[in-house]
Amino acid sequence: MNSLTNLMSAPQRSTPYSKLSLLFIVLMFATSGYFLYWGLDYTQHSYPMLFMLATLFGLFMAFNIGGNDVANSFGTSVGAGTLTIKQALFIAAIFEVSGAVIAGGQVTETIRKGIVDMSQLHMEPMQFVYIMMSALLAAALWLLFASKRGYPVSTTHAIIGGIVGSSITLGFILNGSESAFSLVHWQQVGEIAISWVLSPLLGGLVSYLLFAAIKKHVLHYNDEAESRLKQIKKEKKKLKAKHKQAFERLSELQQIAYTGAMARDAHVYVEGDFGPDDLESDYYRSLHEIDQKKQDVEAHRALEHWVPLIAALGAMIISAMLLFKGLKHMNLGLTTLHNYLIMLMIGAVVWMATFIYAKTLKGNSLSQSTYLMFSWMQVFTASGFAFSHGSNDIANAIGPFAAILDVLRTGEIGATAAVPTVAMISFGIALIVGLWFIGKEVIQTVGHNLTRMHPASGFAAELAAAAVVMIASLMGLPVSSTHILIGAVLGIGLVNRQTNWTLMKPIGLAWIITLPAAAILSAISFMALRALF
């Protein structure tokens with residue numbers, strides 16, 4: 001039974017996890033408390049109740065992003081047995097928070113010119129604050145519902161739905177229904193609808209092709225090699241038994257003479273560098289033939305040839321995602337040529353390291369060696385994915401909140417809003433706490449319930465998802481990283497012929513209703529906020 005199932009079912013392990021839960025609760029309250037103290041001074045104590053409520057909504061949104069989006073990202077690693085829940089949490093804590101703080105948006109746009117054209121609304125600054133607060137609360141509530149059901153959904157679609165719902169509501173109040181609905185760029189909504197099909201389709205296709213190649217050239221090769229090695233081992237046992245019976249039939253003098261020949265052959269065998277003609281006994285000549293068959297198998301050929309190439313490809317794709325996507329906000333001054341050269345260098349180093357590592361595993365069993373190598377590769381893939389995720393998708397929580405913070409501080413609606421570092425840290429910690437407390441159901445879905453995972457298949461799913469996210473971003477295709485990863489998991493299931501299509505039905509339905517559900521919740525929240533304030 002895997003670590004996740006043990007975690008969820010074993011009461012005897014509750015004590016250490018309860019202590020860790022308490023630690024996260026204390027950490028969450030401590031960082032939130034400090035941020036509230038800092039933020040009141042930052043906003044010059046204007047609208048303190050509204051600021052505290054907006055902070056609560058923003059942290060709640062980040063908490064639920066951790067429970068759904070981050071859990072979705074680490075589901076394949078935990079499901080494959082590569083990482084335990086605590087190890088996934090540790091990696092997420094380092095790379096998600098680092099991605100959020102280091103590259104998570106020196107400046108985040110307030111989505112004023114995104115899917116909703118707010119320039120048509122002649123609204124007061126506080127009405128804009130209510131729109132963003134409503135969107136955060138609505139998206140967070142929907143994500144919480146989906147997470148508890150174990151459904152991985154798009155946090156981007158949720159926050160967009162929230163902004164659409166509250167903006168239409170304000171438009172309806174100010175200008176009537178016809179004008180309200182004209183605020184929405186329905187073409188972009190159509191693109192989101194396309195992504196429900198396009199994202200999983202692309203993720204599934206790339207994952208299917210990649211894992212099919214890995215299965216053919218590595219896993220199947222290793223299975224056949226292990227089968228031949230077992231057969232050779234049986235031949236050795238038969239030779240030993242046959243030799244023992246023949247030796248017992250010899251006379252005492254013949255046994256003495258044959259023992260001497262065996263001793264000399266054993267010495268030659270240990271020294272090595274000999275030919276069949278150098279051996280005197282039939283036993284060692286037959287043993288030499290069997291050992292020659294073993295060498296001809298080339299058991300570690302796939303691990304030394306194919307796996308380093310796959311690892312190098314993976315390293316280049318993950319580094320591309322970091323360079324072109326994860327670090328794009330940092331203005332490092334790197335040209336496209338610089339980025340490609342860095343990718344090639346990283347690929348070469350990883351190829352060398354993986355090749356050397358494969359050489360050191362020659363004494364181990366093939367299955368164990370394969371498991372170890374792909375486990376390490378999957379850890380690095382998950383880490384890169386986490387950094388990129390932290391640097392980009394945290395904007396779904398911090399973007400609207402930064403806009404709120406800016407309005408409360410300046411009293412005006414700005415085109416952009418700077419993101420304070422203390423906010424990034426607080427929201428990053430909320431991500432990790434959300435992963436710990438409500439992420440297990442989504443991890444169970446992605447890592448176990450849709451299809452079974454092995455480190456090789458988990459690596460293939462993560463790498464395929466990273467590649468599609470990268471290519472789609474460069475081409476401007478409307479895709480969702482969550483939907484892509486689920487499609488990649490389904491692609492693995494198709495290769496292994498064990499996909500849980502029954503579970504995919506409610507997940508697909510959740511994808512479709514994410515935007516309208518968040519919009520309705522946001523409209524209700526907006527009306528409530530207007531009534532309260």
Side-chain angles (χ1 to χ4, degrees), residues 72-73 75-77 79-80 82 152 194-224 301-303 305-321 324-325 343-344 346-347 350-351 354 370-371 373-378 380-382 384-385 388 446-447 450-501 504 507-508:
N72 176 47
S73 300
T76 51
S77 299
T82 300
I194 292 171
S195 79
W196 297 332
V197 177
L198 185 64
S199 296
L201 192 64
L202 289 174
L205 177 63
V206 176
S207 174
Y208 181 91
L209 294 174
L210 178 60
F211 184 59
I214 291 173
K215 196 166 185 177
K216 177 183 176 182
H217 295 291
V218 180
L219 302 183
H220 278 173
Y221 180 90
N222 288 354
D223 288 342
E224 291 173 5
R301 183 174 176 273
L303 295 185
H305 288 76
W306 280 102
V307 175
L309 288 174
I310 294 166
L313 173 67
M316 291 171 69
I317 290 173
I318 293 298
S319 60
M321 191 167 68
F324 288 104
K325 201 167 160 63
M343 287 164 52
L344 286 172
I346 291 172
V350 169
W351 179 88
T354 311
T370 306
Y371 188 93
M373 292 190 75
F374 277 105
S375 292
W376 278 109
M377 288 157 63
Q378 193 180 13
F380 287 118
T381 309
F385 213 91
S388 181
V446 177
L450 283 173
T451 190
R452 284 190 173 186
M453 283 287 169
H454 175 277
S457 57
F459 167 79
E462 289 174 5
L463 184 58
V468 173
V469 168
M470 187 63 230
I471 294 168
S473 297
L474 294 174
M475 295 179 65
L477 295 174
V479 294
S480 161
S481 58
T482 298
H483 300 175
I484 288 169
L485 187 57
I486 295 301
V489 171
L490 294 176
I492 300 297
L494 287 173
V495 175
N496 291 330
R497 297 181 181 177
Q498 49 176 216
T499 305
N500 186 356
W501 292 110
M504 195 55 216
I507 292 175

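Remember, predicted model here, so these are calculated numbers, not experimental data. Heads up: numbering here begins at 1 and tracks the sequence.
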| Flag side-chain contact, heavy atom, 4.5 Å: L202 against I484 | no
Show the atom names and distances, to 0.1 Å, of all donor-acceptor pairs under 3.5 Å that link a side chain in residues 203-210 to residues at least two apart or in another chain.
{"unit_1": "S207", "atom_1": "OG", "unit_2": "A488", "atom_2": "O", "d": "2.6"}

| query | Do the non-hydrogen side-chain atoms of W501 and L490 ever get within less than 4.5 Å of each other? | reply | yes
| For W351 against L309, the heavy-atom pair lying closest together | CD1-N, 3.8 Å
| said: Under the rule for side chain to side chain donor-acceptor pair (under 3.5 Å), what residues qualify as partners of N500, not counting sequence neighbours? | reply: none
| field | With sequence neighbours excluded, residues passing side-chain contact (heavy atoms from CB on, under 4.5 Å) with I346 | value | A315, S319, I342, V350
Distance-only donor-acceptor pairs under 3.5 Å for side chains of residues 456-469, two or more places apart:
{"unit_1": "S457", "atom_1": "OG", "unit_2": "H454", "atom_2": "N", "d": "2.7"}
{"unit_1": "S457", "atom_1": "OG", "unit_2": "H454", "atom_2": "O", "d": "2.9"}
{"unit_1": "E462", "atom_1": "OE1", "unit_2": "A382", "atom_2": "N", "d": "3.3"}
{"unit_1": "E462", "atom_1": "OE2", "unit_2": "T76", "atom_2": "OG1", "d": "2.7"}
{"unit_1": "E462", "atom_1": "OE2", "unit_2": "S77", "atom_2": "OG", "d": "2.6"}
{"unit_1": "E462", "atom_1": "OE2", "unit_2": "Q378", "atom_2": "NE2", "d": "3.4"}

| message | Does any part of the side chain of V307, heavy atoms only, come nearer than 4.5 Å to the side chain of F374, both counted from C-beta? | response | yes
| What pairs with T370 under side chain to side chain donor-acceptor pair (under 3.5 Å), at least two apart in sequence or on another chain? | N222
| query | Would you say Y371 has more than 12 foreign heavy atoms packed within less than 6.0 Å of its OH? | reply | yes
| request: Take M504 and I486 through the test side chain to side chain contact (heavy atoms under 4.5 Å, CB included) and record every step on the way to the result. | output: CA-CA 9 Å; M504 195 55 216; I486 295 301; 3.8 Å; yes
| said: Restricting to side chain to side chain donor-acceptor pair (under 3.5 Å), what partner residues turn up for T381, sequence neighbours left out? | reply: none
| note | Residue set satisfying side chain to side chain donor-acceptor pair (under 3.5 Å) with N496, at least two apart, ordered chain then number -> K215
| note | The side-chain contact (heavy atoms from CB on, under 4.5 Å) partners of R301 (sequence neighbours excluded) come to Y221, E298, H305
| task | With rounding to the nearest 0.5 Å, note down the distance linking CG in L313 to CE in M377. | result | 9.0 Å
| query | What are the two closest non-hydrogen atoms of S199 and H483, and how far apart are they? | reply | CB-CB, 3.5 Å
